[in-house]
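Contents: one structure, followed by commentary.
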Amino acid sequence: MCSVCGCHNEQSRLISIEQDILSKNNRYATINRDYLNERNIFCLNLVSSPGSGKTTLLCETIKALGHETPITVIEGDQQTSFDAERIRKTGVKAVQINTGKGCHLDGQMVGRAIDELKPESHSILFIENVGNLICPAAFDLGEAKKVVILSVTEGTDKPLKYPDMFHAADLMILNKTDLLPYVDFDIELCFQYALQVNPDIQILTLSATRGDGMKSWLNWIEQHRE
């Protein structure tokens with residue numbers, strides 16, 4: 001115990017609590033993963049900071065795939081159901097999870113949403129996590145792949161500032177590339193930073209609003225469903 005303020009003892013207690021929370025979450029995530037795998041449901045966990053264009057990307061992806069592939073969506077936000085309403089307008093079923101003061105989804109929340117959605121076998125389940133590049137990195141939801149979305153309106157150095165998220169992700173999507181002429185963003189340096197954190201991360205660039213690069217994203221989904 002710290003002789004001045006007792007901080008060492010407090011830190012040990014916090015570490016123990018964190019381990020308990022993550023251990024409990026991992027048990028729920030395993031149940032989710034087993035359920036999804038048994039039914040051949042391909043689940044992607046989309047993570048990003050607020051404003052990266054995640055929901056727009058998701059809507060355009062559903063429009064492109066929805067006629068040939070059953071899709072369901074779990075939406076995570078602290079408040080409101082705005083994003084779930086946008087998703088439902090594309091014609092697919094979506095469940096909104098509001099986390100209140102929470103900054104991420106967890107395995108138990110996603111399990112309950114799966115029970116409500118009842119996604120079809122051989123379908124795709126998208127999880128749009130709460131906009132946050134910190135906590136969602138630590139919480140396994142039972143997904144097959146984690147996809148981190150970054151936009152060119154953010155900082156080039158995001159992969160270095162939030163390394164846990166980029167280390168945990170299988171794919172990085174750099175969105176809003178149509179805005180590159182108007183912003184100060186170094187693509188090559190950003191890719192270098194991402195690969196420095198995670199040498200195995202795959203990288204795609206696209207503009208969800210203009211459609212540039214969407215074909216590569218759709219091909220990536222199809223390749224990893226197999």
L218 and A64: which non-hydrogen atoms are nearest, and at how many Å? CD1-CB, 3.6 Å
I'd like to know if L204 and I62 are part of one continuous hydrophobic network [Ile/Leu/Val/Met/Phe/Trp/Tyr, side-chain heavy atoms within less than 4.5 Å]. yes
A side-chain contact here means heavy atoms from C-beta on lying under 4.5 Å apart; do M214 and L57 qualify? yes
Close side-chain approach of M172 to N198, heavy-atom, < 4.5 Å: no
Should L141 and I124 be counted in the same cluster of Ile, Leu, Val, Met, Phe, Trp and Tyr side chains packed under 4.5 Å apart? no
Heavy atoms, side chains only, cut-off 4.5 Å: are L160 and F166 in contact? no
Check ring pair (Phe, Tyr, Trp, His ring centres under 6.0 Å) between H224 and all other residues, then give those that pass, not counting sequence neighbours. W220
Tell me the closest heavy-atom pair linking I87 and C59, and the distance in Å. CD1-SG, 3.9 Å
Pairs flagged by salt bridge (charged side-chain N to carboxylate O under 4.0 Å, His left out) wherever residues 60-69 is involved - sequence neighbours left out: E60-K63
Qualifying salt bridge (charged side-chain N to carboxylate O under 4.0 Å, His left out) pairs, either residue in residues 147-173, two or more places apart: E154-K158
Hey, what do you get for CG (L58) to CD1 (I127), rounding to the nearest 0.5 Å? 11.0 Å
Test side-chain contact (heavy atoms from CB on, under 4.5 Å) applied to P70 - qualifying residues, sequence neighbours left out: E120, S123
Minimum heavy-atom distance P136-N129, with the two atoms named: CB-ND2, 3.7 Å
Under 3.5 Å: donor-acceptor pair, side chain of N25, backbone of I21: no
Residues two or more places apart in sequence or in another chain: which of them pass salt bridge (Lys or Arg N to Asp or Glu O under 4.0 Å) with R210? D212
Ring pair (Phe, Tyr, Trp, His ring centres under 6.0 Å) partners for Y193, two or more places apart: none
Is the closest side-chain heavy-atom distance between F126 and I221 below 4.5 Å? yes
If you look only at distance, which donor and acceptor atoms sit under 3.5 Å apart when one is on a side chain in residues 91-102 and the other is two or more places apart or in another chain?
residue: K93; atom: NZ; partner: E116; partner atom: O; Å: 3.4
residue: Q96; atom: OE1; partner: A84; partner atom: N; Å: 3.4
residue: Q96; atom: NE2; partner: E75; partner atom: O; Å: 3.4
residue: N98; atom: ND2; partner: D77; partner atom: O; Å: 3.3
residue: N98; atom: ND2; partner: T80; partner atom: O; Å: 2.8
residue: T99; atom: OG1; partner: G102; partner atom: O; Å: 2.7

With ring-ring contact (aromatic ring centres under 6.0 Å, His included) as the rule and sequence neighbours excluded, what pairs involving residues 94-122 come up? H104-F139
If we ignore hydrogens and angles and just use 3.5 Å, is the side chain of T55 paired with the main-chain N or O of D83 as donor and acceptor? no
Closest non-hydrogen atom pair between T177 and V152, with its separation: CA-CG1, 4.3 Å
Expected output: side-chain N32 to main-chain G107 donor-acceptor under 3.5 Å: yes
Is there a path from I203 to L206 through hydrophobic residues (I, L, V, M, F, W, Y) whose side chains come within less than 4.5 Å of each other? no
Donor-acceptor pair, distance only, cut-off 3.5 Å: does the side chain of S52 make one with the backbone of S48? no
Connected via hydrophobic side-chain network under 4.5 Å: L65 and L46: yes
Side-chain contact, heavy-atom cut-off 4.5 Å: K54 with T56? no
By salt bridge (Lys or Arg N to Asp or Glu O under 4.0 Å), D140 pairs with (sequence neighbours left out) R33
In terms of heavy-atom contacts, L174 and S151 come closest through CD1-C, 4.0 Å
Give the minimum heavy-atom separation between I201 and L195, together with the two atoms involved. O-CD2, 3.8 Å
Contact between V73 and L125 at the side-chain level, heavy atoms closer than 4.5 Å - yes or no? no
For a 4.5 angstrom cut-off between non-hydrogen side-chain atoms, does L171 reach V148? no
Pairs in or reaching into residues 18-63: which pass ring-ring contact (aromatic ring centres under 6.0 Å, His included), with residues at least two apart or in two chains? none
Give every residue pair that meets the salt bridge (charged side-chain N to carboxylate O under 4.0 Å, His left out) criterion with at least one member in residues 213-223, sequence neighbours excluded. E222-R225
Check whether any side-chain heavy atom of C190 sits under 4.5 Å from a side-chain heavy atom of L150, and report yes or no. yes
Let me confirm one number: the CD1-CZ distance from I114 to R39, rounded to the nearest 0.5 Å. 9.5 Å
In terms of heavy-atom contacts, does CG of D184 have more than 12 from other residues, nucleotides or ligands at under 6.0 Å? no
Sorted by chain and number, sequence neighbours left out, salt bridge (Lys or Arg N to Asp or Glu O under 4.0 Å) with E143 holds for K146
Shared hydrophobic cluster for F82 and I74 (ILVMFWY, side-chain gaps under 4.5 Å): no
